[in-house]
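The block underneath contains the structure these notes are about, expressed in structure tokens.
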Amino acid sequence: MEYNFREVEKKWQHYWAKKKTFKAENKSNKPKYYALDMFPYPSGAGLHVGHPLGYIASDIFARYKRLKGFNVLHPMGYDSFGLATEQYAIQTGQHPEITTKTNIARYREQLDKIGFSFDWDREVRTSNPDYYKWTQWIFIQLFNSWYNPETNKAENISTLIEKFCIGNLTCGEDRGEGWGDLNEMQQSDLLLEYRLAYLSNTMVNWCPQLGTVLANEEVKEGVSERGGYPVERKLMKQWSLRITAYADRLLSDLEGLDWTDSIKEAQRNWIGKSEGTSFKFKIQESDDTIEVFTTRPDTIFGVSFITLAPEHELVEKITTAEQIKVVKEYVMFAKNRSERDRMSDVKKITGVFTGGYVLHPFTGKQIPVWIGDYVLAGYGTGAVMAVPGHDTRDYAFAKHFGLDIIEVVAGGDLSKESYDAKDGKLMNSDFLNGLDVKDAIKKAIAIIEEKGLGKGKTNFRLRDAVFGRQRYWGEPIPVYYENGIPKVLDEKELPLLLPDVDKYLPTETGEPPLARATNWKYKGQFEYENSTMPGWAGSSWYFLRYMDAHNKNTFASKEAINYWQNVDLYIGGAEHSTGHLLYVRFWTKFLNDLGLLPFTEPAKKLINQGMILGRSLFFTRIESDSNTSTKHQIIISCDDFPKYYEPISNTFIGEYTKWHCPVEFADEKDRFYKKNLAALVDVYPMFKDIIAKETFIVNWKQDDKGEDYLLLKSEVEKMSKSKYNVVTPDIIIEQQGADCLRLYEMFLGPLELSKPWSTIGISGVSNFIRKLWRLYHNGGVFNVSTEAATKEELKTLHKTIKKIVHDIENFSFNTSVSNFMICVNELTEQKCNKREILEPLSIIIAPYAPHLAEELWFKLGHTDSVTYAQFPAHKEEYLVNDAFAYPVSFNGKTRFKMELPLTLGIKEIEHAAMDFEEVKKFLEGKSPKKIIVVHNKIINIVV
RNA sequence: GCCCAGUUGGCGGAAUUGGUAGACGCGCUGGUCUCAAACACCAGUAGGAAACUGUGCCGGUUCGACUCCGGCACUGGGUACCA
């Protein structure tokens with residue numbers, strides 16, 4: 001009887017669920033291990049073959065750790081608030097909650113079929129009120145906290161009020177009076193400038209099509225990450241989180257983390273720390289000053305103009321009467337440019353002269369003040385001292401407008417380009433002349449500080465995170481407004497439930513959907529905040545909830561947190577490197593500041609699995625003749641391209657276009673058969689429009705059986721529903737089994753590498769499974785002997801154990817599958833069916849192919865699950881060789897092998913080599929210059 | 001532009017971290033079994049007739065380089081006027 005994976009896999013999945021095999025206890029004598037996956041957003045498309053890649057890896061590791069005697073927490077849940085579900089709700093009117101439930105059910109079914117060892121009793125869903133109650137609770141803590149720079153941590157807002165009361169802190173230049181003199185509104189406004197969750201007028205990324213603001217990392221190249229809609233800058237009153245308070249700690253704590261360098265580097269770049277100096281230029285004939293930020297104070301004598309951001313507050317003040325018209329026009333132009341426009345013509349230089357001047361602090365010279373949109377309002381002071389000689393952007397601006405370029409650092413050729421390198425001697429720079437750049441920076445700062453012109457300052461690129469979304473399907477922000485003053489709900493009043501609305505669209509007046517909720521008022525009278533939290537809110541702390549998923553009194557009990565600590569292994573996609581991973585680190589540090597967590601980082605080790613790419617297939621079409629009234633759409637096979645191709649002009653005759661063919665309609669040779677046309681149109685109605693047209697001609701080809709087909713063009717791209725290239729794991733599980741899928745996904749290559757999905761090699765893995773099964777069977781009957789194993793058999797087993805342990809601990813799952821194959825090949829060769837070998841083998845393969853392992857374990861006579869067996873240790877004694885076939889090389893080129901006992905010393909090996917016939921032959925009578933012998937490795941003879 | 005990762009047979013990929021390049025698997029070729037196919041099994045498979053040549057390209061260090069160093073090219077990902 002061959003291995004019946006369908007029956008076996010079902011049987012054990014049932015067993016695990018019934019016996020709660022993977023239930024993790026919050027108390028145990030065993031050491032703990034927390035293996036976490038980034039939880040999925042349950043979309044309507046279901047799980048595709050890319051999702052399980054990381055899940056399989058972490059599952060193997062979790063199962064391995066159980067076998068090694070650890071108490072393992074390996075949970076799974078759903079990031080179930082989000083835009084896609086809401087867009088679907090808008091289109092169909094179906095409540096997002098229903099869509100979410102359906103999608104989750106489908107995900108769960110798919111996950112179960114792969115045989116993961118999740119403790120499902122701990123499942124979390126971010127859209128469940130039981131869960132988002134605590135997301136809201138954390139928001140309230142953020143609102144009630146400020147960041148004390150003296151203690152370098154978050155503290156309750158009361159300690160700030162105290163400082164105001166005793167006058168240690170002033171209430172701000174424009175307020176002047178003491179805390180007690182401020183009215184309630186003024187006090188509220190003042191505190192909002194310090195709270196970690198705060199309301200303010202900020203420049204936000206507004207996406208009109210989505211009807212909401214977006215965080216910086218949700219905007220890619222000027223369009224929204226989801227949907228690809230244009231984004232513009234807009235000043236809006238918004239909730240934000242003061243992540244910038246943690247910028248320095250987020251940066252410095254990266255050091256101790258076992259994360260990949262590329263992720264750490266991405267975070268460093270995103271945080272963007274830059275150290276420099278800020279100092280003031282006095283405006284001519286005015287008491288006002290313009291403050292600039294620079295990292296190159298050494299180039300102070302190279303300043304030939306000042307550039308302000310169009311939004312800079314002094315623009316109006318400094319502009320002269322003659323210039324007022326052009327300046328106003330320019331500011332309007334800059335404001336109305338969308339983000340994408342601005343980004344797409346970065347090289348286009350725009351700006352205007354204000355007519356105003358500032359005075360150089362050292363030379364007293366007049367310096368013109370310009371406005372340019374290459375200066376960002378949100379960074380530094382929104383003003384730069386332009387040093388065209390030594391800054392590329394300033395140089396371009398100066399060249400474009402014909403402004404002076406002064407050389408102050410020797411070493412470049414300023415007629416061609418600016419010289420930005422921090423290398424060379426200062427010139428034309430008064431007291432800095434002759435100094436190296438490094439020393440000049442020091443001296444310049446010293447003198448600027450001495451003269452009281454400015455001081456050293458650190459800037460971050462990181463912006464505070466906009467936290468409100470003008471959308472429905474998210475956590476309501478637990479805030480109400482009393483006389484226009486924002487106040488948070490009492491903890492006892494949580495959760496603030498998401499109200500029902502008649503439509504999931506903004507109101508006629510442009511208010512967010514929550515404004516549609518009728519009778520939704522705090523205590524029946526105060527307006528609630530009607531924006532909701534962003535998608536990343538719930539995922540910023542979910543790893544904590546798994547520790548104690550059903551706790552009604554707190555987000556997770558102290559005992560649970562103290563036992564589980566932070567995540568030992570976190571696996572997920574690299575696309576979350578600057579979004580999710582920064583926020584979850586931020587929240588962890590914040591909760592640590594409040595004394596609620598005993599650790600400051602969420603995850604000790606992080607691995608990014610590579611993306612599994614899809615292989616898209618395309619119909620290719622040539623539009624025959626664009627001049628005649630009837631255009632013929634000729635669909636051709638891609639290997640017919642040359643017939644329609646004009647090699648001289650490098651173009652197709654007529655217009656060439658392509659469109660996706662759903663991959664499941666093609667055979668393994670990328671052929672689409674005419675007989676499937678009706679089915680294609682049936683499943684994908686959009687093809688009807690294209691194919692049904694009368695002007696549509698298909699150049700079918702014929703295979704050897706005379707059947708009509710088209711050869712499709714293939715390309716590798718991201719797997720997505722819209723590209724018709726999604727492959728779900730379901731078919732593979734149905735045809736080859738879950739263990740096969742698990743092994744195959746690991747066998748594809750290193751976990752971190754991106755690779756296109758292809759099932760071409762899967763038969764090798766499925767053969768391996770059958771071969772392994774056959775070791776334990778003879779003619780279909782279970783047949784394992786108790787005879788003692790031979791030396792060779794023991795060597796095969798122990799060699800394999802050693803390699804597998806090494807591979808797992810280095811997350812090299814692809815090579816461990818190879819090693820299992822080698823092991824099974826050797827044991828088959830040895831005709832081994834000894835229990836002494838096969839029983840340990842069934843344990844070490846259990847993390848990879850758990851269903852198969854359980855079945856073999858059961859057949860070996862065990863009554864409990866293999867999950868908690870003991871992982872065998874390898875014994876070196878079985879691995880010792882007594883001889884080694886030394887490769888003998890001449891000048892580094894390997895020529896032949898020579899078997900010698902390992903007991904021989906270096907000198908003896910040398911002698912043995914010189915006596916060897918083949919060596920003599922290669923030496924041709926010459927004597928060698930040198931012989932290099934590396935014990936157990938190589939013999940190299942230099943001639 | 002900048003940052004990161006990568007480049008090895010027809011293909012996915014190995015190489016104990018400086019010591020036999022191409023493990024393992026796919027594919028392909030030939031064979032056994034079969035009326036035939038599937039499955040399974042056996043043999044071969046970097047290129048070259050060979051000497052030899054071969055890990056993206058050029059150079060270096062070394063007895064010895066896929067591995068280390070310098071320079072370059074290409075591919076993929078991230079980021080974008082951050083002063």
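Hydrogens, waters and symmetry mates are skipped; everything else that's a heavy atom, side chains included, is used. Throughout, a chain's letter reflects where its sequence line sits, starting with A, and its residues are numbered from 1.
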* **Listed nucleotide nearest any side-chain atom of Ser763(A), set A21(B), C26(B), A14(B)** => C26(B)

* Asked: With a 4.0 Å cut-off on heavy atoms, is Asn825(A) in touch with a base, just the backbone sugar-phosphate, or nothing at all?
  -> sugar-phosphate

* Residue closer to the 5' end of RNA chain B, Ser754(A) versus Arg770(A) (nearest nucleotide) -> Ser754(A)

* Among residues 261-270 of chain A, which contact RNA chain B at a heavy-atom distance under 4.0 Å? -> Ser262(A), Glu265(A), Asn269(A), Trp270(A)

* To do: Please measure how far the P atom in G56(B) lies from the corresponding atom in G10(B), and state the result in whole Å.
  => 14 Å

* Asked: Counting side-chain heavy atoms from C-beta on, which of A40(B), A14(B), G19(B) comes nearest to Thr815(A)?
  -> A14(B)

* Expressed as a whole number of Å, how far does the C1' atom of C66(B) sit from that of A51(B)? -> 25 Å

* More than 12 foreign heavy atoms under 6.0 Å from CG of Leu753(A): is that the case here? -> yes

* Asked: Of the nucleotides G12(B), G13(B), C81(B), which one has an atom closest to the side chain of Leu748(A)?
  -> G12(B)

* To do: Taking only the side-chain nitrogens and oxygens of Asn814(A), find out if one of them lies under 4.0 Å from OP1 or OP2 of A14(B).
  => yes

* Structure fact -> Looking only at C24(B), C63(B), A83(B), the nucleotide nearest the Ser818(A) side chain is C24(B)

* **Proximity to the side chain of Asp391(A) - top-ranked nucleotide from A40(B), C81(B), A83(B)** => A83(B)

* To do: Please figure out whether Gly378(A) or Ile762(A) has its closest RNA chain B nucleotide nearer the 5' end.
  => Ile762(A)

* Structure fact -> The glycosidic conformation of G9(B), counting syn as within 90° of 0 and anti otherwise, is syn

* **Nucleotide nearest Thr294(A) (side chain, heavy atoms from C-beta), chosen from G19(B), C24(B), A83(B)** => A83(B)

* Phe747(A) side-chain proximity, nearest of C24(B), A83(B), G19(B) -> C24(B)

* To do: Consider the side chain of Val942(A), meaning its heavy atoms from C-beta on, and name the nucleotide among C26(B), C63(B), C52(B) that approaches it most closely.
  => C63(B)

* Asked: Nearest to the side chain of Met821(A), which nucleotide is it out of C63(B), A83(B), C24(B)?
  -> C24(B)

* Please work out whether the ring planes of Phe896(A) and Phe890(A) are parallel, tilted or perpendicular, with thresholds of 30° and 60°. => tilted

* Asked: Whole-Å distance between A5(B) P and Leu751(A) CG?
  -> 17 Å

* To do: Determine if the base of U17(B) is syn or anti; take syn to mean the glycosidic torsion is within 90° of 0.
  => syn

